[in-house]
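Some notes on the structure that comes next.
Computation of the quantities below employed the complete heavy-atom set of this structure, encompassing side-chain atoms and omitting hydrogens, waters and symmetry-equivalent molecules. Numbers here are sequence positions counted from 1.
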Amino acid sequence: MSAQTSKQQPTAGVPEEWADDHLATIFTRWHPFMSRADLQSQDLVIAEAGIQPGDTVLDVACGAGIPALRAAERVGPDGRVVATDPSPVFLAATAENAARQGLTNLDTVQASAATLPFRPGSFDAATCHFGVMFFTDITAGLTRIRETLKPGKRAAFIAWGPDADNQLFSSFGAVVGQYAPPPPQPDPSIAEIDIPKPNRFAAAGSLSAALRSAGYQDVRERYEQVDYTWPGHAPTMLEFWKQLSRIEERIPAERREAFEQDLLASLGRYAEGEALHFKCMVVVASGAA
């Protein structure tokens with residue numbers, strides 16, 4: 001890996017909600033749960049990128065280490081993973097989680113996709129797990145990732161599929177709509193594909209089209225159904241959703257107890273043993289430099 005000086009701020013190209021520490025703090029706090037729930041999608045993006053032992057890998061929007069930590073295990077002691085994120089909260093968490101797992105082949109760098117400070121041809125593979133949906137300038141972010149790859153090497157992305165095929169989101173959304181006012185509507189002058197949001201690339205072909213526009217070759221895209229298995233009972237996920245969404249700020253105080261009971265019932269439909277089991281459709285896409 002080689003680096004070059006970047007004059008841009010590491011939060012350039014990052015939505016305001018992700019530049020704030022709130023989401024990073026909550027995702028970091030719940031990383032032990034999320035890293036286990038996301039096992040299948042992590043393995044999908046690592047396999048799609050073609051990561052092999054000894055590779056030098058770039059992980060963009062690493063969060064608290066998903067999938068950078070798993071990629072570091074895959075490349076082994078002869079490889080290297082560089083985990084990037086605009087949030088110092090996430091980077092500190094990734095470094096701590098790597099140390100806890102005894103991983104010494106992982107570095108962290110503060111940067112957004114659009115401000116990656118690496119020279120062309122620095123990496124054997126790149127991954128981005130549930131992050132590409134939030135690039136404010138999708139072409140700039142995807143292009144910068146491609147430029148860091150060695151010729152012919154692949155960048156792989158995981159994004160959420162259609163809401164109708166996502167039990168994780170529907171278990172929450174079906175209840176929230178009964179208690180909280182709808183969120184503000186986006187500016188109608190902004191194209192849907194340009195709005196950072198979880199289901200931004202749910203439509204078939206939309207992410208692969210963005211990859212082609214950013215100059216990728218041999219572009220691939222497919223839907224995959226994953227088992228999102230939350231390693232805890234319904235009250236733990238209720239607490240996670242509450243902390244993440246701050247939903248109680250939008251619900252009248254006298255209705256919050258009823259909201260919690262209804263959400264617990266909704267989540268409880270997916271309980272099996274000691275865990276909650278959700279079926280979720282994801283988009284797996286990749287392209288070569």
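Partners of R255 under the salt bridge (charged side-chain N to carboxylate O under 4.0 Å, His left out) rule, at least two apart in sequence or in another chain, do not exist in this structure. For K197, the salt bridge (charged side-chain N to carboxylate O under 4.0 Å, His left out) partners at least two apart in sequence or on another chain are E192. Considering only residues two or more places apart in sequence or on other chains, E96 meets the salt bridge (charged side-chain N to carboxylate O under 4.0 Å, His left out) condition with none of them. The salt bridge (charged side-chain N to carboxylate O under 4.0 Å, His left out) search around E73 returns none, not counting sequence neighbours.
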Side-chain donor-acceptor contacts of residues 30-39 below 3.5 Å, not counting sequence neighbours, with atom names and distances?
from, atom 1, to, atom 2, distance (Å)
W30, NE1, Q243, OE1, 3.0
S35, OG, H31, O, 3.0
S35, OG, P32, O, 3.4

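Between the CG atom of L244 and the NE2 atom of H22 there is a distance of 5.5 Å, given to the nearest 0.5 Å.
The backbone N or O of G287 sits nowhere less than 3.5 Å from a side-chain atom of R146 that would complete a donor-acceptor pair. Using modelled atom types, no side-chain atom of D227 and backbone atom of Q40 make a donor-acceptor pair closer than 3.5 Å. Judged purely by atom type and a 3.5 angstrom limit, N105 uses its side chain to pair as donor or acceptor with the backbone of A72. Checked by atom type and distance alone, the side chain of S286 never pairs as donor or acceptor with a backbone atom of A156 at under 3.5 Å. Checking side-chain atoms of R250 against main-chain N and O of P181 turns up a donor-acceptor pair under 3.5 Å.
A ring-centre distance under 6.0 Å is not found for Y270 and W230. You'll find the ring centres of W18 and F27 inside the 6.0 Å limit.
No side-chain heavy atom of Y179 sits less than 4.5 Å from a side-chain heavy atom of L263. Within the 4.5 Å cutoff, side-chain heavy atoms of P88 are placed close to those of Q110.
Between R154 and D218, at least one side-chain nitrogen of the basic residue sits less than 4.0 Å from a carboxylate oxygen of the acidic one, meeting the salt-bridge criterion. Using a cutoff of 4.0 Å between basic side-chain nitrogens and carboxylate oxygens, E249 and R256 are not scored as salt-bridged. Salt-bridge formation is detected for the pair K242/E260: a Lys NZ or Arg NE/NH1/NH2 atom is positioned less than 4.0 Å from an Asp or Glu carboxylate oxygen.
Side-chain contact, H129 with Q42: no donor N or O sits under 3.5 Å from an acceptor N or O.
In the displayed structure, E254 atom CD is contacted under 6.0 Å by more than 12 heavy atoms of other residues, nucleotides or ligands.
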- [ ] Show your reasoning for whether side chain to side chain donor-acceptor pair (under 3.5 Å) applies to T25 and T28.
- [x] CA-CA 5 Å; T25 299; T28 293; over 6 Å; no
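Sorted by first and then second residue, the ring-ring contact (aromatic ring centres under 6.0 Å, His included) pairs with a member in residues 141-168 read F130-W160, W160-F169; sequence neighbours excluded.
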